[in-house]
Structures are given as structure tokens and as C-alpha cells.
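Data first, discussion second: the structure below is written as C-alpha cells.
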Amino acid sequence: MAKVKETAFVVSQEMLAPGIYSMWIKTEAIASQAVPGQFISVYSHDGAKLLPRPISLCEIDKEGGKLRIVYRVAGAGTEEFSHYQAGDPIDILGPLGNGFPLKEAEGRRVFLIGGGIGIPPMLETAKQLKADKTMVLGYRDSQMFLKDAFAENGPVYVATEDGSAGTRGNVLNAIKEQNLEADMIFACGPTPMLRALKAYAAEKNMECYISLEEKMACGIGACLACVCQSKDVDHHSHVHNKRICKDGPVFRAEEVEL
């Protein structure tokens, strides 16, 4: 799969919730290759900001040659992106990383679990996965961005930290409260959530694939800025590390230490 660095163009942008933005980008070259679970690196127009921001793919429109990213404003780079408007140029590199193993999950019962800004990449996964899907989404509060889009692909259960919607607590609280069952887990979200899901999957003897969210620099595995601990020795660094941008961001849960 060839990576493409190009100046693409913004098709549209809107705010979904306070600090959460949705942007459609016109990029036929990257959209034609992208798969659920991958990400792109987005570059600032400010020459003082050398490192790009990795942002997961929320939706992939191959026919229209477009990608959708949904991101949270977390610093100067994403603050800049939030002001882009239709027609503005945007410098991107992608598609990067690996995706969720959709073929292995076909015909099975699968939990698709997203927490916080780990929710967006699960949407395209839900759209493309041919399985008995149950979606469990964890939010801070009742600002449940993308929930309606998920509902078009199967049953959705929600947990909120403040209890303002769905189950009070986290995604595991929702699974247990609703007596939900599955054979396999696909998940993306904050490390504490993924750590808990890894333990839950081991207890239930379930296959579990997790997408790690970390700060990345080069996006192609050269700089070693985004390593995580692994059980196996990495052939590049020769230590017990995995490069999230290159070897991930999706891993079998037992492959990595959280």
C-alpha cells in the first residue's frame, strides 16, 4: 500500500460538539487505498510546527474520493485545523498504519467499542464489518457525537461518565448492565479503557484487537517516538517495543503491554 503525501482540499467542516470537529477532505489517492482503523498525518501551514498531527479516519468514501476525520482540538495544530473552511488546502500523508482485521471477524459476534475521541475510527469499521455488531460508546457527557451515525449500522449502547445518558460509568459498565455478549472485541480509546478491555477479554477468552492512541512524529516508523512495550522483540529497534504508527495502531491485545 503506497503512502501519498499531497496537498488535498477541505470539502466541508462542522463542529459536532464543543471542541469536536468533523472535516471531509478531497483526496482520491488516499481514499482509494484506505481501510478502517488507519490514520493520516495532517501538517500545519505554520512552518514553526514541523511535526504533523496523526488523526484517525472516521469515514472513507472511495467512490467520491473523500475521507472524513473527526478530531478534538487539543493544541495549536488542531486549533489551526478547526478554522479551515471548504476549499482550503490541507497537507496530508496517508494512509498510515494497519487496520482492524475485518475478514477474521466476518460472521461472528463483535463488540465495536469506542471511548472519547477513539469513537470516530470505529464508525467506518462498523460500516464495513460484515458481522453481528454490537456498538458500545463511551462519552464524558450527553454530547454524544456520531451516535446517530452508528445507529444506522446496528444496536448502540452508551455509557457516560456523568450519567447524563445511558449507563453511568464506562463501556464495561454498559456491557455488564445490559448483559451484552460477543465473541470478539474491536476497540479504540484511552489507555485505561483499553487496559480494562484487555483484561475482560482474557477473562472471557475473547479475541481482542485494540487501536492505540499516542502522539506520533514521522508516521512511518523511523523516529521511534511512538513506541509501546510489547512481548516480542521489534526487528527495527531490537528491543521489546512496537512502533504504533508502523506496527499498529491496531494490535492484538496480548501483543502489547498497557
Side-chain angles (χ1 to χ4, degrees), residues 1-4 22-25 27 29-42 52-62 66-72 92-106 108 110-131 133-138 145-146 149-150 153-154 171 182-191 193-194 197-198 201 206-216 219-221 226 228 230 242-256 258:
M1 184 177 296
K3 303 176 193 67
V4 176
S22 167
M23 182 192 297
W24 278 98
I25 300 169
T27 168
I30 299 177
S32 66
Q33 301 182 69
V35 298
Q38 289 188 305
F39 65 98
I40 58 173
S41 284
V42 184
R53 275 60 177 174
I55 302 179
S56 298
L57 302 180
C58 176
E59 290 190 80
I60 302 166
D61 179 359
K62 292 185 185 294
K66 298 184 296 183
L67 296 174
R68 184 188 190 189
I69 56 174
V70 172
Y71 62 96
R72 174 179 287 134
I92 58 176
L93 170 70
L96 299 172
N98 64 358
F100 286 100
L102 303 185
K103 287 290 185 184
E104 288 88 331
E106 281 188 9
R108 302 173 69 179
V110 184
F111 282 148
L112 297 181
I113 301 176
I117 207 62
I119 290 171
M122 304 313 297
L123 180 56
E124 186 65 28
T125 307
K127 289 171 63 178
Q128 293 198 28
L129 179 60
K130 298 174 182 176
K133 296 166 283 198
T134 300
M135 288 153 280
V136 188
L137 309 178
F145 57 93
L146 298 177
F150 276 93
N153 298 280
V171 292
D183 310 311
M184 198 173 190
I185 295 173
F186 286 176
C188 183
T191 299
M193 183 193 90
L194 298 180
L197 290 174
K198 177 181 177 180
M206 299 170 67
E207 283 185 63
C208 181
Y209 290 85
I210 55 178
S211 179
L212 302 186
E213 296 181 323
E214 293 290 341
K215 291 182 179 179
M216 304 178 201
I220 58 174
C226 64
C228 63
S230 66
K242 293 280 190 182
R243 295 161 292 161
I244 293 172
C245 69
K246 183 75 171 179
D247 303 314
V250 178
F251 296 96
R252 279 286 293 256
E254 60 268 27
E255 281 186 83
V256 294
L258 298 171

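FYI, side chains are in, hydrogens and waters are out, and symmetry mates aren't considered; it's all heavy atoms of this structure. None of these values were measured; they are calculated from a predicted model.
Between the NZ atom of Lys198 and the CZ atom of Phe251 there is a distance of 11.5 Å, given to the nearest 0.5 Å. Atoms CD1 and SG, on Ile119 and Cys58 in that order, are 10.0 Å from each other to the nearest 0.5 Å. Between atom CD of residue Glu255 and atom SG of residue Cys208 there is a gap of 11.5 Å, rounded to the nearest 0.5 Å. Rounding to the nearest 0.5 Å gives a distance of 12.5 Å between CD1 of Ile55 and CZ of Arg72.
Looking at every heavy atom in both residues, Met184 comes nearest to Ala105 through SD-CB, 3.6 Å. Of all heavy-atom pairs between Ile30 and Leu93, the closest is CD1-C, 4.3 Å. Ser56 approaches Ile69 most closely through the heavy-atom pair O-CG2, 3.6 Å. Here the closest heavy-atom approach between residue Ile185 and residue Ala187 is recorded as CG2-CB, 4.0 Å. Nearest heavy atom pair, residue Leu96 against residue Gln38, reads O-CB, 3.3 Å. Of all non-hydrogen atoms in Pro249 and Asn98, the two that sit nearest each other are N-OD1, 3.3 Å.
With sequence neighbours excluded, no residue satisfies side chain to side chain donor-acceptor pair (under 3.5 Å) with Glu104. The salt bridge (charged side-chain N to carboxylate O under 4.0 Å, His left out) check on Lys127 picks up Glu59, Glu124, with sequence neighbours excluded. Shown here are the side chain to side chain contact (heavy atoms under 4.5 Å, CB included) partners of Ala31, two or more places apart in sequence or in another chain: Leu67. Under the side chain to side chain donor-acceptor pair (under 3.5 Å) criterion, Asp183 pairs with Arg109, not counting sequence neighbours. With sequence neighbours excluded, the residues that form a side chain to side chain donor-acceptor pair (under 3.5 Å) with Thr27 are Glu6.
Residues Pro95 and Ile40 form no side-chain contact, since every pair of their non-hydrogen atoms from C-beta on lies 4.5 Å or further apart. In this structure the side chain of Leu102 reaches within 4.5 angstrom of the side chain of Phe186, judged on heavy atoms. Side-chain contact between Pro120 and Leu146 is present, with heavy atoms from C-beta onward closer than 4.5 Å. Contact annotation: the side chain of Arg252 approaches that of Tyr209 to within less than 4.5 Å [non-hydrogen atoms, C-beta and beyond]. Inter-residue side-chain proximity for Met122 and Ile113 is flagged as unmet; no heavy-atom pair is nearer than 4.5 Å. The side-chain heavy atoms of Arg53 and Tyr71, taken from C-beta on, include no pair separated by under 4.5 Å. The closest side-chain heavy-atom distance from Val70 to Leu123 is not below 4.5 Å.
Remark: Lys62 NZ is packed, more than 12 non-hydrogen atoms of other residues, nucleotides or ligands lying under 6.0 Å away.
Only one option out of Val35, Asn153, Leu112, Val250 pairs with Thr125 in a side-chain contact (heavy atoms from CB on, under 4.5 Å); it is Leu112.
Applying the salt bridge (Lys or Arg N to Asp or Glu O under 4.0 Å) test to residues at least two apart or on different chains, none of the pairs has a partner in residues 29-42.
Judged by distance alone, the side chain of Lys66 and the main-chain N or O of Asp61 form no donor-acceptor pair under 3.5 Å. Panel note: side chain Gln33, backbone Ala2; a donor-acceptor pair is recorded below 3.5 Å.
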